[in-house]
Amino acid sequence: KNQVEQSPQSLIILEGKNCTLQCNYTVSPFSNLRWYKQDTGRGPVSLTIMTFSENTKSNGRYTATLDADTKQSSLHITASQLSDSASYICVVSANSGLIFGTGTLLAVQP
Amino acid sequence: NAGVTQTPKFQVLKTGQSMTLQCAQDMNHEYMSWYRQDPGMGLRLIHYSVGAGITDQGEVPNGYNVSRSTTEDFPLRLLSAAPSQTSVYFCASSYSAREIYGYTFGSGTRLTVV
């Protein structure tokens with residue numbers, strides 16, 4: 001069964017610190033992987049997208065990595081800001097459609 | 001551009017009532033879709049459309065109807081609301097079904113069925 005699992009479920013960090021969110025998937029065949037940021041009460045907004053041939057992709061303070069062999073991806077946030085507080089969702093595209101992870105809820109505290 | 005606009009933002013229904021969730025996009029996207037988001041679960045696809053006049057079922061279509069008479073609009077209808085349909089609903093659009101182009105999501109409709 002195609003699945004996308006994210007860890008941790010939730011995370012609290014202090015402003016200015018770095019953090020890394022994990023995504024493991026069992027989707028096959030794999031097309032691409034995207035990280036979305038979802039602010040409370042809002043719809044998801046795309047941060048990065050990677051195809052199976054890409055290992056890393058950056059978007060400002062956000063850097064996503066992909067290991068297609070181990071079927072793992074990570075999202076690294078550098079120098080966190082209060083505005084980074086949100087849910088981060090890993091989405092894998094398969095032939096059957098999009099498979100969404102349940103997200104990691106990040107809280108950045110001052 | 002407004003992007004994807006969903007109305008209403010909040011709605012409370014009684015069991016058995018019907019209603020329509022509205023979704024409109026002004027980006028000339030061919031692909032539109034409806035998802036529901038429940039606690040502890042990833043977004044699940046309800047229905048989708050690859051163009052005007054074409055709709056198809058997603059993962060959880062039961063209890064919902066859709067139509068696509070224009071490129072811009074993709075309403076979701078609940079014919080007889082049930083408490084199990086309490087959820088947050090998101091409409092999303094894209095140039096095509098291929099996610100490589102990225103999806104634009106609306107801000108959601110929070111529906112409570114009592």
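Note that these values count all heavy atoms, side chains included, but never hydrogens, waters or copies made by symmetry. Every chain is numbered from 1, with letters handed out A, B, ... down the list of sequences.
In the hydrophobic clustering of ILVMFWY residues, with side-chain heavy atoms under 4.5 Å counting as a link, A:Tyr25 and A:Leu21 come out together. Hydrophobic clustering keeps A:Trp35 apart from A:Leu105 (ILVMFWY residues linked when any side-chain heavy atoms are closer than 4.5 Å, directly or through intermediates). Both A:Tyr88 and A:Leu11 are assigned to one and the same hydrophobic cluster, defined by single-linkage of ILVMFWY side chains at heavy-atom distances under 4.5 Å. Linking Ile, Leu, Val, Met, Phe, Trp and Tyr whenever their side-chain heavy atoms come within less than 4.5 Å puts A:Ile13 and A:Leu75 in one cluster. A continuous path of Ile, Leu, Val, Met, Phe, Trp and Tyr side chains, each step under 4.5 Å between heavy atoms, connects B:Tyr64 with B:Phe74, placing both in one hydrophobic cluster.
With a 4.5 Å cut-off on non-hydrogen atoms, B:Tyr35 touches chain A through its side chain but not through its backbone. Looking at A:Gln38, only its side chain comes within 4.5 Å of chain B, counting heavy atoms on both sides.
Taking OG of B:Ser107 as the reference point, atom CG of A:Asp39 lies at 12.0 Å (rounded to 0.5 Å). In this structure, CD on B:Glu59 lies 11.0 Å from CG on A:Leu98, to the nearest 0.5 angstrom. Rounded to the nearest 0.5 Å, atoms CG (B:Leu43) and CD1 (A:Ile99) are 12.0 Å apart.
B:Tyr103 has its ring centre no less than 6.0 Å from the ring centre of A:Tyr36.
Ranking B:Lys9, B:Arg110, B:Gln37 against chain A, the residue ahead of the rest is B:Gln37, based on heavy-atom pairs under 4.5 Å.
Heavy atoms of other residues, nucleotides or ligands lying less than 6.0 angstrom from CZ of B:Arg44 number more than 12.
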CA sep, side-chain torsions, deciding dist, call: B:Thr104, A:Val45, side chain to side chain contact (heavy atoms under 4.5 Å, CB included): CA-CA 7 Å; B:Thr104 301; A:Val45 175; over 6 Å; no

